[in-house]
Protein chains: 2
Amino acid sequence: MKQTFEIAPWHVATHKWDPEDKRLQESMTSLANENLGMRGFFEEGYTGDHMQGVYLGGVWFPDKTRVGWWKNGYPKYFGKMINAVNFMKMIIKVNGEQLDLAKQAPKDFKLDLDMKRGVLTREFTVEIGGAEMAFTFERFVSAVQKELVGQRLHVKNLGNSDAKVEITSMIDADVYNEDANYDEQFWMVLNKSANGEHAELTSETKKNDFGTPQFTVGMKTTTKTDLDHAGDGTDEKDAYNTFAGTVAAGKEVNFEKRTVVVTSRDFDSEEAIEKHLDELTDKFDSQSFDDLLDPHVQEWADRWTKSDVEIDGDEGAQQGIRFNLFQLFSTYYGEDYRLNISPKGFTGEKYGGATYWDTEAYCIPVYLGVANPEIARNLLMYRYKQLDGAFVNAKEQGLDGALFPMVTFNGIECHNEWEITFEEIHRNGDIAYAIYLYTKYTGDKSYVLHEGAEVLTEISRFWADRVHYSQRQNKYMLHGVTGPDEYDNNVNNDWYTNLLCKWTLQYTLEILDEVDDEVAKKLNVSEDEKRRWKGIADNMYLPYDKQKDIFPENDGFLDKDLTPVSEIPSDQLPLNQHWSWDKILRSPYVKQGDVIQGLWDFIDDFTKEEKKRNFDFYEQFTVHESSLSASVYSIIAADIGYEDKAVELYERSARLDLDNYNNDTVDGLHITSMTGSWLDIVQGFAGMRVRDGQLHYAPFLPKKWNSYQFRQMFRGRILKVKVDKNGTKIDLVSGDPITIDLDGKKLELK
Amino acid sequence: MKQTFEIAPWHVATHKWDPEDKRLQESMTSLANENLGMRGFFEEGYTGDHMQGVYLGGVWFPDKTRVGWWKNGYPKYFGKMINAVNFMKMIIKVNGEQLDLAKQAPKDFKLDLDMKRGVLTREFTVEIGGAEMAFTFERFVSAVQKELVGQRLHVKNLGNSDAKVEITSMIDADVYNEDANYDEQFWMVLNKSANGEHAELTSETKKNDFGTPQFTVGMKTTTKTDLDHAGDGTDEKDAYNTFAGTVAAGKEVNFEKRTVVVTSRDFDSEEAIEKHLDELTDKFDSQSFDDLLDPHVQEWADRWTKSDVEIDGDEGAQQGIRFNLFQLFSTYYGEDYRLNISPKGFTGEKYGGATYWDTEAYCIPVYLGVANPEIARNLLMYRYKQLDGAFVNAKEQGLDGALFPMVTFNGIECHNEWEITFEEIHRNGDIAYAIYLYTKYTGDKSYVLHEGAEVLTEISRFWADRVHYSQRQNKYMLHGVTGPDEYDNNVNNDWYTNLLCKWTLQYTLEILDEVDDEVAKKLNVSEDEKRRWKGIADNMYLPYDKQKDIFPENDGFLDKDLTPVSEIPSDQLPLNQHWSWDKILRSPYVKQGDVIQGLWDFIDDFTKEEKKRNFDFYEQFTVHESSLSASVYSIIAADIGYEDKAVELYERSARLDLDNYNNDTVDGLHITSMTGSWLDIVQGFAGMRVRDGQLHYAPFLPKKWNSYQFRQMFRGRILKVKVDKNGTKIDLVSGDPITIDLDGKKLELK
């Protein structure tokens, strides 16, 4: 655990320059707008240890997977987000010496992410080329114009004599992925040019052997500055414009760089990309930097109006929840149903920028509460549009229906670990569940009765083929699965997976009763098929242990050496950094809730006693080594009245990245886990539930806090819920009157 | 199934030229001498589809393993045998046209592996450069001089006019592995020279990041021919001597190439390697080709004296058993305890030339019967010498003692599939068992009471740490293992593994009672430790199902969908070519015996009824998709009196490669599986057992056969056992008198 940034309600800022924290700072100061984003690396370059990362949503590369023995059903390739051409680059020289904070130690350093406005600034003074110069950098990734990134730099001469300043604005295709196998590069430059205030570079991804698309990306920069134009150029892999001038003592110069990025995801030819680059550039060239910045800042204000959470009495918690929402919204705000939410968003290479089940299980429940329903709906559309890929995945396993991928860009499974790839199939149920959740929360049946019915049917077809009947137990079973608790692999009868399988079949049957004839005809589910589904659902095996009166996570779980986590010496934690995978797999330790995840999904379907017994049993073995874990336990703890436990668990996830809790934020932020703090406050502390279309609350106030309040969107309204020592106050901020339930009592809001 | 070669008792020959069979022919005509070997590729080159492969024992390369998520305990690299510099190469031109059977169709083609003499010949005539020429190639890999390979060529002019013949003898380092990830090459040339009748090339393997040794290999060739010396040369990656001359109509020329190969496995500097190359070359230069060939042929005669099996009434079976012994002896004949037996020997790239548990489980039982005991002992020494690596492997898993690797060159695990690498740990028990078997068979306790005691102790330490105690069942268990039946992975309580674990602990305790003080002191096993081992052995959980009265292969096995193999449509077999890995893992189908393997190991410890019940149960689910499978089932079938079944199962493995039974012999021969036919005849049909130091036989004669006889080495004797329609006749060929047991009756042999 390490707190590198100062605590402040709307800022993630530090006044401390420490090269040790460079990668951490870069992760924390990432900016993105769903379409593109980058780590907070220094545009002027940095020769010390750091990780330069610019990423483009949905732009990836399929890499080879030739290790071990390939078997039928293994993915052909693994997909990864590739580090994009670096359009941020500026080479800055003062009196001939190049700015590089690895070489010139900065003074009065300040790095500040303003979460309210979505702007990152950096200030420092430095001795360079014999001069003392003050630099102020500013950058934003436009929340309103997805192709646009703005950078602004002020350089002030603090010394007593003239300083010669030269700044080169560059687009640089000489970039690497840190996770490349053989240090290979992925971008081939097609065109490049530089002239006056403009530079342009178009590149495409390397050819691949797998028939997935190559991507073409065009980038065009405009530079506006008080400095004089001093030349242009292109090298094999870059294009640049250089500006230079003399800055007198006490004076400053201004340098603005705007970049427009257009990809083949939106335009299908190089010509069309370049044409669109020119059109956008022309449009932005006629606007001032502030003209471009202002609507971006306004958009962030609007987002906060719908979603802000205020905590009184705990500034760290206040900062944490805002940082989480800020980064989540940066990663995805529902503009484009072809995009999704990678576990690390645009903040690092880990998890390859791909889509996981995190989206459905953890992100959709939050977006439903903090943003317009279209955003969650677009996430559901993403899966619908990838149904063809899901058919392929199921077919690769020799199975019917749709198997949505564990890791994907295009619907095709692209992660190569069999125990995950074709065993962690609960994801199929999570996707079905998200459809249910969306429908339950919004009341909007337009998805579930059309696209959703198709997704549900094909998932059910998968389940019906994936189960087998055990003659010995006279039950349907799922062998060879991996549950959300990935510290156990290839198990038989994971309780959570079996539960979701049973539930999906039941829910699909319910929905099929409601779809119109046209949809029914398309889906073509026969009565026989329905009977079979019902038979499976009715006879699905769900592990239950009489003696302990709990749901065993899977067959064999209770045969393990059931030593609680508390008996493990603390220097062996976290297990994944100290234990071999062999020991972890055989241990009873739970990475993230499996049974507890199921209790959360169906929180109203189990008795308090059932939830308590299972929580008490599993909590002693749970190590929360997935960042997605603690928040779910917190919700269940709150539900069963373990308030202090709920708060303690909340704290593990609320400032996970801000405090570098898992010591891995250098790799990037835990974007999808950032949902946890909102869920804990709203579903946990405030006890928010939707039952029969009505909002319910049963709040408590964490002991340390004076109050908390959050905004929540629900069926066209914005509500404000405030919980303090005097009780709970719920206001309708906008929208039609509504009746809610507070602590079991009806409440009319107008 | 495809029979490409003619059936003959001592030859594997074909008179048919078919480019379709090229790879298959290359596999089948591989030659080796434990130290080096090569596929039967054409020395003159071949531009059609084929697989050139020259391999050097124990010379390998560690490659990267960067796919999936690396976890603690995963190997750092995967090791593979690399295709060696091609010293066999000859470029042959007639009237300027280069010989290449992909271009000139041969007539009167004959390819003949003489198993009695260990010589491969190839004859054909061909129209080339306007001439009709007859070629006869001959090659051997010396069984007495491990560094030596001999090639001889006669070229005869069958036409009516002179033909200009030019032959270049070359050492060529421009070679590739077919399994390379990025078509990379592994050999860097250090030195090369060519002068007169000699060419020489020294190369080393690429640098690697894993700290494993780089290998240096020197090769020197001598050419002797009637042709005139026409020049020498070297290119970046080769060295060569060219000879040319005119061959008059009806005349022939002779061309001999001898190659000496010396590696850094034997000499630690480039200089020492080159010095030894010169010494050996000088020595061989003074000898004729026949001088070099004769002792090689004599050595093969000696080998056959000790091991030959004769079958009357089934020429295919006769050829099969000899081919199996020939290839097995070529792969390993115990010269060097640093070498071992890779599943494909020197015949292909698959399985990477590494050592597997095949050696202990399938090869040692055969070598004990057909060769001097030193050979099996050297295989045991191999493991002893690699104990340090086994400590590393165990430590990587956070476990005590020694974990011998699943796949290795140097004792360190180098295969990267967790379900194999650290789960298929029965291998540790198989290695312990081989020590027991060696001791039981030879009566020689020198190994088990010294090196063996150490190996056993460290394996027992591993087992004692790897088990856990299940409070629920009050038993010790092994969770997270993979048995020999790799069609089930990561199971709990694999019966075979648990049995071996229990047995190893018991056997180690027995041996510890016998070791001398010095050994005891070194091993330092406390009374506490012994008590713990005894406690585990006494309380080891062994799956048993009351209802079916069988040993379930593992927990959960009987919950599977127990549909017999006979109900699978035949176009879905073999499963591994038609089913996804997902379906295979969840199925009840057995790749190779797991419970049956255990019944074999302890064949006298189970009642006939127990063996019958388990055989009947498992046979219906067994697909024998490991080439190691059928032979073990055959032995058990014979043991329980299922004679026809025993013969049927024997036939699956006896001509596995000769008939390309699994349609994969193109990749190389199934060297370690070749032991199966000998085991089936001797342990199965002849019912050979060693009980209390005495040989027992209980033979039957397969219905189709007139007779079979085999030679068997036992404690300094050679016995000849002949079984025909009149009964069994056992002779003592050499050695002291001995009493044996035939069908329950004592028999004195003098």
Side-chain angles (χ1 to χ4, degrees), chain A residues 63-69 71-74 78 179-182 184 395-399 415-423 466 468-473 475 477-480 488-493 541 547 555-556 558-562 576-587, chain B residues 63-69 71-74 78 179-182 184 396-399 415-423 466 468-473 475 477-480 488-493 541 547 555-556 558-562 575-587:
Chain A
D63 214 342
K64 294 185 183 185
T65 58
R66 275 228 211 151
V67 168
W69 292 311
K71 301 177 186 87
N72 291 327
Y74 279 22
F78 70 99
D179 68 0
N181 277 317
Y182 290 84
E184 66 271 34
K395 204 171 170 203
E396 284 287 315
Q397 305 311 326
L399 293 167
H415 182 71
N416 189 27
E417 291 184 306
W418 63 271
E419 65 275 20
I420 305 284
T421 307
F422 55 73
E423 296 223 324
R466 182 58 161 76
H468 75 274
Y469 190 71
S470 164
Q471 291 93 337
R472 183 160 72 156
Q473 309 272 4
K475 286 281 181 187
M477 292 188 164
L478 283 167
H479 273 196
D488 219 340
N489 285 173
N490 188 48
V491 302
N492 293 336
N493 295 309
Y541 173 75
Q547 205 187 328
D555 289 351
L558 297 179
D559 276 344
K560 291 179 181 241
D561 173 3
L562 297 173
N576 63 21
Q577 290 177 22
H578 296 89
W579 280 22
S580 70
W581 190 233
D582 172 45
K583 280 188 92 158
I584 288 175
L585 285 180
R586 293 184 287 115
S587 80
Chain B
D63 214 342
K64 294 185 183 186
T65 60
R66 275 226 211 153
V67 169
W69 292 311
K71 302 179 185 85
N72 290 328
Y74 279 22
F78 71 98
D179 68 359
N181 277 317
Y182 291 84
E184 64 273 33
E396 284 288 314
Q397 305 311 327
L399 293 167
H415 181 71
N416 190 27
E417 292 184 303
W418 64 270
E419 66 276 19
I420 305 283
T421 308
F422 55 73
E423 296 222 324
R466 182 59 162 75
H468 75 273
Y469 190 72
S470 163
Q471 292 93 339
R472 183 159 71 154
Q473 309 271 6
K475 285 281 181 188
M477 291 187 165
L478 283 168
H479 272 196
D488 218 342
N489 285 172
N490 188 47
V491 302
N492 293 336
N493 295 311
Y541 172 76
Q547 206 187 324
D555 289 353
L558 297 179
D559 277 344
K560 292 180 181 240
D561 175 3
L562 296 174
L575 295 179
N576 62 21
Q577 290 177 22
H578 297 89
W579 281 21
S580 70
W581 190 233
D582 172 44
K583 280 188 94 158
I584 288 175
L585 285 180
R586 293 185 284 115
S587 80

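Letters A, B, ... are given to chains in the order of the sequence lines, protein chains preceding strands, and every chain is numbered from 1.
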| query | Most heavy-atom pairs under 4.5 angstrom with chain B, which of A:Leu558, A:Asn489, A:Ile584? | reply | A:Leu558
| field | A:Lys71 NZ: over 12 foreign heavy atoms closer than 6.0 Å | value | yes
| message | Check whether A:Asn492 reaches the backbone of A:Gly480 with its side chain - one donor and one acceptor, N or O, closer than 3.5 Å. | response | yes
| field | Heavy-atom pair count under 4.5 Å with chain B, highest-scoring of A:Leu585, A:Asp559, A:Asn72, A:Leu399 | value | A:Asp559
| A:His479 side, atom NE2; A:Asn490 side, atom CG - distance, nearest 0.5 Å | 10.0 Å
| Pairs of heavy atoms under 4.5 Å with chain A: top-ranked of B:Met477, B:Glu419, B:Glu423 | B:Glu419
| Is it the backbone or the side chain of B:Trp418 that comes under 4.5 Å from a heavy atom of chain A, or both, or neither? | side chain
| task | Would you name the heavy atoms of A:Gln397 and B:Ser580 that are closest together and state the gap between them? | result | O-OG, 2.9 Å
| B:Asn576, part contacting chain A, at a heavy-atom distance under 4.5 Å | backbone
| Portion of B:Tyr469 that has a non-hydrogen atom of chain A nearer than 4.5 angstrom | backbone
| said: Using heavy-atom distances under 4.5 Å, tell me whether A:Glu396 contacts chain B through its side chain, its backbone, both, or neither. | reply: backbone
| request: Could you pull out all residues at least two apart from A:Lys560 that satisfy salt bridge (Lys or Arg N to Asp or Glu O under 4.0 Å)? | output: A:Asp488
| request: Grab the two heavy atoms, one from A:Phe422 and one from A:Arg466, that are nearest each other, plus how far apart they are. | output: O-NH2, 3.5 Å
| said: For chain B, which candidate among A:Gln577, A:His468, A:Glu184, A:His578 shows the most heavy-atom pairs at distances under 4.5 Å? | reply: A:His468
| Region of A:Tyr74 that comes under 4.5 Å of a non-hydrogen atom in chain B | side chain
| request: Please test A:Tyr541 against A:Asp555 for side-chain contact (heavy atoms from CB on, under 4.5 Å), starting from the C-alpha separation and ending with a verdict. | output: CA-CA 11 Å; A:Tyr541 173 75; A:Asp555 289 351; 3.3 Å; yes
